[in-house]
Amino acid sequence: MELDFLCADGEKLTVYTTRPDTLMGVSYLALAPEHPMVGRLMEADPDLAAFVETCRNRGVAEADLATMEKLGRPLGVQALHPLTGAQVPVWVANFVLMEYGTGAVMSVPAHDERDHAFARQYGLPILQVIAPMDGGEWDINERAYTEHGRLVASDAFSGLTSREAFTAIAEALEARGLGRRRRNYRLRDWGISRQRYWGCPIPVIHCADCGAVPVPESELPVVLPEDVVPDGSGSPLAKLASFHAVGCPKCGRPARRETDTFDTFFESSWYYARYCSADNREAMLDARADHWLPVDQYVGGVEHAVLHLLYARFFHKLLRDEGLLNSDEPFTRLLTQGMVIAPTFYRERADGGRDWINPADVEVSRTADGATEARERANGEPVRVGGMEKMSKSKNNGVDPQALIDRYGADTARLFTMFAAPPDLSLEWSDSGVEGAHRFLKRLWRQVYEFTGSQSAAVRPGPDTLGGPARDLRRKLHETIAKVSDDIGRRQTFNTAIAANMELLNEIARLSDSDPAAPALRRECLNAIVLMLAPIVPHVTQALWETLGHDGLVADAAWPAVDTDALAVDEVTLAVQVNGKLRGQIRVPFDMPREAVEAAARADANVLRHLQGQTVVKVIVVPGRLVNLVAKPS
RNA sequence: GCCGAGGUGGCGGAAUUGGUAGACGCGCUAGCUUCAGGUGCUAGUGGGCGUAAGCUCGUGGAGGUUCAAGUCCUCUCCUCGGCACCA
């Protein structure tokens, strides 16, 4: 809420707070350096003027703001507490923002971390007025207590909860005409202009008389000039008179075209909608955009998880309010994929800066004592090893996928990136991992060709006619189809989907050719693997699909179906634990009754050994999983 | 500083609902194939003890809950990302 502190000279200082329940703990007021009252006092006080000047140079980054030392000056002014009438000193402080609220805050050091740090710095009183709900002790001189709680040392309000006090204090202030409940929205300040060439021009013309004038619709779009020679400093557009020297659209007098361009975030905030009506020359969006949106599945990098999504949602709601779209949100389902990271290498320059060396140009080895050592390939010079970081131009640790595609093909590159990590975690680049992905594709290729080279039977034996190993393999196949379908469709863990296919391929290789079911079973397995991998390695699987004798596109073929009959088992392996520790395994019929399972578990030789001199006091049976015998010394 | 995501073998990772930690891949070791190998195949591979059977320790650290904890709870350390004109 907003509340008023009257000053001795009759002037009113209005502050904004979200915690009126802490009002009785106010020990001073703090004003932003840009506050009008500070401006007036400054005229007669050169020291204060100098202080305000240093504050002006503060950084705007939140990181700087948060770590910056809290500094301030007393203004020599006293204000009156709106409820108690007590004198409250007024300070100017560098951490108070003029842009937010009223540019003045009531400081409660006991219950706000910033105020606490400031009070300690300048020896201002710290008055605790909120105690933890659970009645626990809190050393208020050590740290601020910022949670809600129960009021103490607050006259008539003592004993109320924060929530109750909020209302009670608000009503007391309103009754005296010294406060108003108000909702403040904190708007994110988005500087969309960039002083560079690349970017969409901002269609505004600045006129000395008319101010900022929009470029008339008939002259849109403003097109970037192509005769620009960037010299590496400042905005190239600002140096090009043919671009910026124009007449004012309103009064016709000489004016200057805006030379900043839009931040690329600006365009990326609504491209997903424009994409649906890209060929429309008359309007931003048409009915097609509304038909397709919201996006069913959006994929974006984690490093955009806050800003890009914030801006896209803002645009979407704006487009909705303008009647261009009917949906409230741009994306139904979001997958935030991890970054591609790679090692960094550098050499210190004489001036303390760093020259970054691309990992492709560095040879990493282990020295005799196990430490890693890195040398530049070209000249053998040692380089320093940095951490694993996001691939970037500035750290020169990018890997060009083209070299990989040239050597192994696009499918290998795709397979590796999907296999190395789940998509929402970061992906660590590894040359040998790429090699392994390529090896797997070669093995799959060979299995398909060796199979088609042999005579294959057309009959598909039912589960009843399969012998033990063939039956196990067929069960494995259908378990794999079930797992891969879930991994790709629901869990979106493509790495485990690929691993499951690798396992299946390993199993196929183990099946003996002398098994009468082998040809038909191999065909069933290879067909399924090719179909399951098609979304990940489309080119290789298309070729193998044809080799297996199918017409048309593998991409158009139906996803393999799970044969539930094949999943049936008649025996299961159970772990047997004694006091939670694994002591043996038993193989029992699938539907064996609990008592029989327990007896079988107790009969295991190693289990018996661990039960010597013990009495079993409890038995836990998790069906299909394990038996845990809880024993005590007898 | 605040917010978010992570921490599991030599490495990337798996363990989906509290139920056999380390699937799959890389690397490494041995053997086979080959005139040859920067190829392929087979087997082994968390640490310690043991000929073996097996025992024991083990998921960043410290506590706790439970028959049972990588998974749940409390505290804590570390790394990366966002808060900057790469997007």
Side-chain angles (χ1 to χ4, degrees), chain A residues 59-68 95 113-114 117 188 191-196 198-199 235 260-265 267-269 300-311 336 338-339 341 366 370 387-395 398 415-416 419-422 424-437 439-440 442-443 446 483 486-487 490-491 493 495-506 509-510 573-585 605-606 609-610 616-632:
Chain A
V60 286
E62 284 180 43
D64 297 341
L65 225 58
T67 46
M68 191 171 49
F95 63 92
E113 312 226 350
R114 292 158 301 184
R188 187 186 162 76
I192 56 163
S193 64
R194 302 288 179 255
Q195 279 122 49
R196 64 176 174 207
W198 288 113
S235 166
D260 282 4
T261 54
F262 280 121
D263 176 10
T264 45
F265 262 135
E267 292 84 28
S268 68
S269 297
V302 262
E303 64 273 49
H304 299 161
V306 179
L307 293 188
H308 168 55
L309 296 176
L310 179 70
Y311 299 149
T336 49
M339 300 161 296
I341 59 176
R366 280 187 184 273
M388 290 295 270
E389 285 180 66
K390 177 171 77 155
M391 284 188 182
S392 69
K393 267 179 276 180
S394 60
K395 296 285 169 68
L415 183 65
F416 168 71
F419 178 63
D424 55 336
L425 292 187
S426 57
L427 168 69
E428 193 170 309
W429 201 261
S430 146
D431 290 342
S432 51
V434 173
E435 189 79 45
R439 255 197 312 253
F440 169 68
K442 281 199 294 190
R443 256 180 32 232
R446 210 178 315 118
K483 176 176 173 54
D486 189 46
D487 283 355
R490 181 184 62 89
R491 297 177 69 210
T493 52
N495 56 328
T496 54
I498 294 166
N501 276 294
M502 288 175 167
E503 269 186 79
L504 181 58
L505 191 69
N506 290 344
R510 283 195 191 102
T573 304
L574 298 184
V576 183
Q577 299 179 333
V578 176
N579 290 329
K581 290 198 173 181
L582 181 68
R583 296 303 180 194
Q585 293 194 331
N606 197 41
R609 210 159 60 77
H610 283 274
V616 176
V617 295
K618 194 174 177 186
V619 180
I620 285 130
V621 179
V622 182
R625 286 260 169 210
L626 59 74
V627 180
N628 188 11
L629 305 168
V630 184
K632 273 186 187 160

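The figures here come from the full heavy-atom set of this structure, side chains too, leaving out hydrogens, waters and symmetry mates. To find a chain, count down the sequence lines: A is the first, B the second, and so on, and within it residues start at 1.
To the nearest 0.5 Å, the span separating CD on A/Gln577 from NE2 on A/His610 amounts to 12.5 Å. We find the CG-NZ distance between A/Asn579 and A/Lys618 to be 12.0 Å, quoted to the nearest 0.5 Å. The CG atom of A/Leu626 lies 12.5 Å from the OG1 atom of A/Thr573; values are rounded to the nearest 0.5 Å. In this structure, CE in A/Met339 is found 10.0 Å from CG in A/Leu425, a value given to the nearest 0.5 Å. Considering CG of A/Asn495 and CD1 of A/Ile498, their distance stands at 7.0 Å, rounded to 0.5 Å. Taken to the nearest 0.5 Å, the CZ atom of A/Arg583 stands 8.0 Å off from the CZ atom of A/Arg609.
For the pair A/Phe419 CZ and B/G13 C1', the computed distance is 8 Å after rounding to whole Å. Atom P of nucleotide B/C85 and atom CZ of A/Phe262 are separated by 16 Å, given to the nearest angstrom. Atom CG of A/Asp263 and atom C1' of B/A84 are 11 Å apart (whole Å). As rounded to whole Å, 12 Å separates atom P of B/U20 from atom CG of A/Leu574. The distance between atom CG of A/Asn628 and atom P of B/A69, rounded to the nearest whole Å, is 10 Å. The CE atom of A/Met339 sits 6 Å away from the C1' atom of B/C80 (whole-angstrom rounding). Put simply, CD on A/Gln577 is 13 Å from C1' on B/U66, counting in whole angstrom units. Counting to the nearest Å, the P atom of B/C80 and the CG atom of A/Leu425 are 16 Å from each other.
Across all strands shown, A/Glu303 has heavy atoms under 4.0 Å from base atoms, whether or not it also approaches the sugar-phosphate. Nucleic acid contact for A/Arg114: none, since no nucleic acid atom lies under 4.0 Å from a heavy atom of the residue. No engagement by A/Leu629 is indicated, since no non-hydrogen atom pair under 4.0 Å with the nucleic acid exists. Contacts of A/Gln585 with the nucleic acid, taken as non-hydrogen atoms under 4.0 Å apart, include base atoms. A/Arg490 comes within contact range of at least one nucleobase, with a heavy-atom separation under 4.0 Å. No engagement by A/Asn501 is indicated, since no non-hydrogen atom pair under 4.0 Å with the nucleic acid exists. Residue contacts shown for A/Lys483 include a base, since a base heavy atom lies under 4.0 Å away. A/Thr336 comes within contact range of no nucleotide atom at all, as no heavy-atom separation falls under 4.0 Å. Looking at heavy-atom distances under 4.0 Å, A/Ala305 makes no contact with the nucleic acid at all. A/Ser392 comes within 4.0 angstrom of no nucleic acid atom, judged by non-hydrogen atoms across all strands.
The residue among A/Asn606 and A/Ala575 whose nearest nucleotide of RNA chain B is located toward the 5' end is A/Ala575. Along RNA chain B, the nucleotide closest to A/Ala421 and the one closest to A/Met391 are compared, and the more 5′ of them pairs with A/Ala421.
Remark: A/Arg491 is not in phosphate contact with B/U17, judged by side-chain N or O atoms under 4.0 Å from OP1 or OP2. Here A/Arg439 reaches the OP1 or OP2 of B/C26: one of its side-chain N or O atoms lies under 4.0 Å away. For A/Arg625 and B/U20, the shortest distance from a side-chain N or O to OP1 or OP2 is below 4.0 Å. Contact check, A/Lys581 against B/A21: no side-chain N or O comes under 4.0 Å of OP1 or OP2. A/His610 has a side-chain polar atom (N or O) that falls below the 4.0 Å cut-off from OP1 or OP2 of B/C55. When the side-chain nitrogen and oxygen atoms of A/Arg583 are compared with OP1 and OP2 of B/U56, one or more of them lie within a distance under 4.0 Å.
Shown here, B/U42 forms a base pair with B/A30; the pair counts as Watson-Crick or G-U wobble because both key distances fall under 3.5 Å. With both pairing distances under 3.5 Å, B/U59 is matched to nothing as a Watson-Crick or G-U wobble pair. Across all strands shown, B/A21 has no partner, as no Watson-Crick or G-U wobble contact with both distances under 3.5 Å is found. Applying the Watson-Crick and G-U wobble criteria (two distances, each under 3.5 Å), B/A68 pairs with nothing in any strand. When Watson-Crick and G-U wobble pairs are counted only if both distances are under 3.5 Å, B/C49 pairs with B/G54. Look at B/A36: it lacks any Watson-Crick or wobble partner with both distances under 3.5 angstrom. With both pairing distances under 3.5 Å, B/A14 is matched to nothing as a Watson-Crick or G-U wobble pair. The partner of B/U8 cannot be assigned: no Watson-Crick or G-U wobble pair with both contacts below 3.5 Å exists in any strand.
Among the nucleotides B/C41, B/G19, B/U20, the one closest to the side chain of A/Arg446 is B/C41. Listed nucleotides B/A14, B/C80, B/U16 differ in distance to A/Pro422; the shortest reach to its side chain belongs to B/A14. The side chain of A/Glu503 has B/C24 as its nearest neighbour among B/G54, B/C67, B/C24. Among the nucleotides B/A23, B/G54, B/G13, the one closest to the side chain of A/Asn495 is B/G13. With B/G27, B/G12, B/C24 as the choices, the nucleotide that has an atom nearest any side-chain atom of A/Ser432 turns out to be B/G27. Of all nucleotides listed (B/G82, B/C24, B/A68), B/C24 comes nearest to the side chain of A/Met502. Residue A/Thr496 has its side chain nearest to B/A14 when only B/C24, B/A14, B/A43 are considered.
Side-chain N/O atoms of A/Gln195 and base N/O atoms of B/C85 include a donor-acceptor pair closer than 3.5 Å. Checked by distance alone, A/Lys390 brings a side-chain donor or acceptor within 3.5 Å of a matching partner on the base of B/C86.
Between the P atoms of B/G70 and B/C57, the separation comes to 13 Å (whole Å). Atom P of B/C75 sits at a distance of 15 Å from the matching atom of B/G4, rounded to the whole Å. Across the P atoms, B/G81 and B/G64 are found 36 Å apart, a figure rounded to whole Å. Rounded to whole Å, the separation between the P atoms of B/U51 and B/G37 comes to 36 Å. Rounded to whole Å, the separation between the C1' atoms of B/U66 and B/G12 comes to 33 Å. B/A62 sits 25 Å from B/A14 when the P atoms are compared, rounded to a whole Å. The C1' atoms of B/A30 and B/G19 are separated by 37 Å, rounded to the nearest whole Å. Between the P atoms of B/C11 and B/A23, the separation comes to 15 Å (whole Å).
Taking the six-membered ring where the residue is Trp, A/Trp429 and A/Phe416 present perpendicular rings, their angle passing 60° and hence far from 30°.
Closest approach of A/Gly398 and A/Met391 over heavy atoms only: CA-SD, 3.9 Å.
Its glycosidic angle being within 90° of 0, B/G9 falls on the syn side.
With hydrogens and angles disregarded, no donor-acceptor distance shorter than 3.5 Å links the side chain of A/Asp486 to the backbone of A/Arg491. A donor-acceptor pair is defined here as one N or O able to donate and one able to accept, closer than 3.5 Å; such a pair exists between the side chain of A/Thr261 and the backbone of A/Arg196.
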